[in-house]
Protein chains: 4
Amino acid sequence: MRKIPRQARSRAMVERLLAAGRDVLVTDGYDAFTTNRVATRAGVSPGSLYQYFPDKGAIVEAVADRWLDELAERVAASLTDHLGAPGPVLVRGTLEALLDALEDDPELLRVVATELPLSRYRDRRQALRRRVADIATAGLAGPSGARRPDPATAAWVLVVAVEALSMQWVLEPPAPRRGESVEEQRSRIIDELTDLCLGYLLGQPSAAAPTGSRVAPRSEDRENV
Amino acid sequence: MRKIPRQARSRAMVERLLAAGRDVLVTDGYDAFTTNRVATRAGVSPGSLYQYFPDKGAIVEAVADRWLDELAERVAASLTDHLGAPGPVLVRGTLEALLDALEDDPELLRVVATELPLSRYRDRRQALRRRVADIATAGLAGPSGARRPDPATAAWVLVVAVEALSMQWVLEPPAPRRGESVEEQRSRIIDELTDLCLGYLLGQPSAAAPTGSRVAPRSEDRENV
Amino acid sequence: MRKIPRQARSRAMVERLLAAGRDVLVTDGYDAFTTNRVATRAGVSPGSLYQYFPDKGAIVEAVADRWLDELAERVAASLTDHLGAPGPVLVRGTLEALLDALEDDPELLRVVATELPLSRYRDRRQALRRRVADIATAGLAGPSGARRPDPATAAWVLVVAVEALSMQWVLEPPAPRRGESVEEQRSRIIDELTDLCLGYLLGQPSAAAPTGSRVAPRSEDRENV
Amino acid sequence: MRKIPRQARSRAMVERLLAAGRDVLVTDGYDAFTTNRVATRAGVSPGSLYQYFPDKGAIVEAVADRWLDELAERVAASLTDHLGAPGPVLVRGTLEALLDALEDDPELLRVVATELPLSRYRDRRQALRRRVADIATAGLAGPSGARRPDPATAAWVLVVAVEALSMQWVLEPPAPRRGESVEEQRSRIIDELTDLCLGYLLGQPSAAAPTGSRVAPRSEDRENV
DNA sequence: CATGAATGAGACTTCATTCAT
DNA sequence: AATGAATGAAGTCTCATTCAT
């Protein structure tokens, strides 16, 4: 009704649909995520939906993608920001950024991680991982003090571990200690994860033996990493 | 058909259905997992299926549960086995056991982790985690040399991280290093995870976190873990 | 409820569905031929329909096929019956049989010929044509007095012409002559068609010149028809 | 865009739409004939289409009509041209004209005859038939040497038969004779159809049919044809 | 207990048509 | 007159579940 430029109108419609999609997902769950419901929630007719998305799956994906993009943006920004900083600061900063981002829309996180068939958003999720891992790899390869023999592997390890832990923290945090407030617990968990990362990065790597099963006291070997 | 005790017949039927369920899941995917198909694959009529499972979801759950139980058994066994062993041996042993278990039916792992709505098997998965975490907590609480202030949290951290990394390794391993064989890579990854765990357990806990308003004097509290 | 053998029950269901299909087609037209309507008319649930037909098109086809089969049967029978008879008798008999058959269910004929996309029943229709044409070709090749140089072509010509004329007669007969009853007209039309066929078969073929345009004054030749 | 008189612009638009309609019909088939597609193909918005046609059906009809009109024009012209000519020449000429006309746009013929619900263009088709039949009736009524008792019926018979045969020839011609070229076959078929027509027109009418209750003394009636 | 035909709610999607701009 | 986004009725088909045999 207003003088909304064509392009903008489309954009607005997409936004409405995505918002409705997120809403349905969060309040009704993935099983109730029907095209008609999304359309209704968006205050649109079912047909309209198909002018903007080829099919139902595309909407779910778009919702997930958007969320993941936001996440990636935040984390990557923080990571880049702290890139020069000393290890602990960088790690802590990144962890904080990640938790902040994940806690931004915990309900959506819950649905995405819990009800969505992973295949629906696997690619984007991997892209996120790779992006973060790449930055981290670069950071580790520099004069960071990290002793890991293979920065790429180290980045992979940390990214996967941290991702899982952060999500788990948001979705199902462990029982807090007696008398501990949530904030305290959160802060403590970040400490723990920081320790995890730094202990891994700065600790004595076990020698990178090529094949056989190592184990045992190879402390000497570790020197030459 | 005669001579089979009632109870045993039921048991056999359940087995057939579960086998069929796993089969459908693995070969056709979760989207094609229809009750009719499972029944057909089991050589049973769709009606019979409902004599043994209340609804479709129950079958999926049962399949996942069974798999997770097996997993839990193996890992717990290994963990208990090595309980007295020195840290590195225990950690390595557990990691190997976990990887072995996960690699036992990678196709099912893929479907479960990738296509199944997590809600379908969340409880059992948590049970597994908790079980492992409990044993680990106990171990850490003992004279293991671990310096973590809160064994429960430490166990949580390790369990979540290791679970995620193991699964990721089986499902989408990082690119191997140049000229590296899969076995070599596997072994190397186990080394890395071992380092991750030991670095975390044995490293210097960050007494005071530098960045945020992070609750400085918590060191004393930790004594009583 | 009764002791209807399994096989027979299926058969009965197919019959009901086909009957319902025909009914919908005839009373509501092809545009209103929806799967739900057919199911309802058959007193069945929409899902049941798909246990017997793979999709909507298959029902239409089955209805048309069945009708065409019946038609083919009747005409072929008549044709075979009269095969030894003198030309006029054979032709007349066949025409009568064809008209009888077409007039048996004129409403269905109307819908099939008028509203159905030809492609839905083309194959079966061609089969019918070919069947009749084959018998006719055989008849013409024998000592029938026919002077056609190429029996196959002659059969094709007659089959196509007679089919079109019969259908046209049933669907949109020409205006009857003054005071003529329908029966009289019908009989007259059969006379005409008989003449058409016999005139063609027994008349002087224009020389089978390979290429150029023949024509010429062949009026005398025709005296001896 | 300027300077185009209103009327002419409309005209041009109609033309574009019809052309697009024909195009969609021929290249995509009737099932894909959607208003949106036609509009797109015409480079017009779907809304505009409704400024020139009341609904989808009207476009199909218009396309078919236009084609049939052209057909009618050609055949009628040829028929009128040869009206004074001796029978064989007239018949041959008409047949050639008809085949020429039908072969002019065989793809459209195929779609129209094969995929279009006959009801979409029945009226116009009948008009064509009637028109041709009327001319033919007039011709037969004159001193043409035709011996048919009822020229109107004779015209009806020939028009229907020839129409069906011509279309059949274009759409699914019978197998050619050994070593026969398509041109030769075509020419031969025209010979056959000519024979069919002339044999019918000039042959001995079956005064009294042997079989049925065939209305014996109609000879007088026939005089006044 | 087994069977498997029947059920029927409801999901997704299309497309002819409208109408505000 | 043109546009094209929006509409929404309606159709096809699936599949978890039931129940008479």
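Numbered from 1 within each chain, the chains take letters A, B, ... in sequence-line order.
When distances run from any side-chain atom of A:Ser48 to the nucleotides F:dC13, F:dT7, F:dT3, the shortest one goes to F:dT7. Side-chain proximity of C:Lys56 to F:dG8, F:dC13, F:dT17: nearest is F:dC13. The side chain of B:Ser45 approaches E:dT3 more closely than any other nucleotide in the set E:dT3, F:dT17, F:dT12.
The distance from atom CZ of D:Arg11 to atom C1' of F:dA1 is 18 Å, rounded to the nearest whole Å. Rounded to an integer number of Å, the gap from CG of B:Leu49 to P of F:dT17 is 9 Å. Atom OH of B:Tyr50 and atom C1' of E:dG4 are 13 Å apart (whole Å). Rounded to a whole Å, the OH atom of B:Tyr52 is 9 Å from the P atom of E:dT3. A straight line from CD of C:Gln51 to P of E:dT7 spans 9 Å, rounded to a whole angstrom. Atom CG in C:Leu17 sits about 12 Å away from atom C1' in E:dA6, given to the nearest Å. C:Phe53 places its CZ atom 20 Å from the P atom of F:dG11, with the value rounded to the nearest Å. Atom pair A:Asp55:CG and E:dT13:P shows a separation of 5 Å (rounding to whole Å applied).
A salt bridge links B:Glu15 with B:Arg11: at least one charged nitrogen is closer than 4.0 Å to a carboxylate oxygen.
Of the two residues contacting DNA chain F, namely C:Gly57 and B:Gly47, the nearest-nucleotide position lying further toward the 5' end is that of C:Gly57. Positionally, the nearest nucleotide of DNA chain E for A:Pro46 lies more toward the 5' end than for the other of D:Pro54 and A:Pro46.
Of all the residues in residues 24-44 of chain B, B:Val44 reach under 4.0 Å from DNA chain E with at least one non-hydrogen atom.
Checked by atom type and distance alone, the side chain of B:Arg110 pairs as donor or acceptor with a backbone atom of B:Leu171 at under 3.5 Å. No side-chain donor-acceptor contact under 3.5 Å links B:Asp69 to the backbone of B:Ala72. Put simply, the side chain of A:Tyr52 never gets that close to the backbone of A:Leu17: no donor and acceptor are under 3.5 Å apart.
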Applying the Watson-Crick and G-U criteria (both distances under 3.5 angstrom) with [ ] for crossing and | for other-strand pairs, one obtains for DNA chain F .||||||||||||||||||||
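Within the 4.5 Å cutoff, the side chain of C:Pro46 has no heavy atoms near those of the C:Thr35 side chain. Using a 4.5 Å heavy-atom cutoff, the side chains of A:Trp67 and A:Leu109 are in contact.
D:Arg129 meets the side chain to side chain donor-acceptor pair (under 3.5 Å) test with D:Glu163; sequence neighbours excluded.
One distance of note links CG of D:Asp23 with CG of D:Leu18; it measures 12.0 Å at 0.5 Å rounding. Separation of atoms CZ (A:Arg124) and CG (A:Leu68) is listed at 7.5 Å; rounding is to 0.5 Å.
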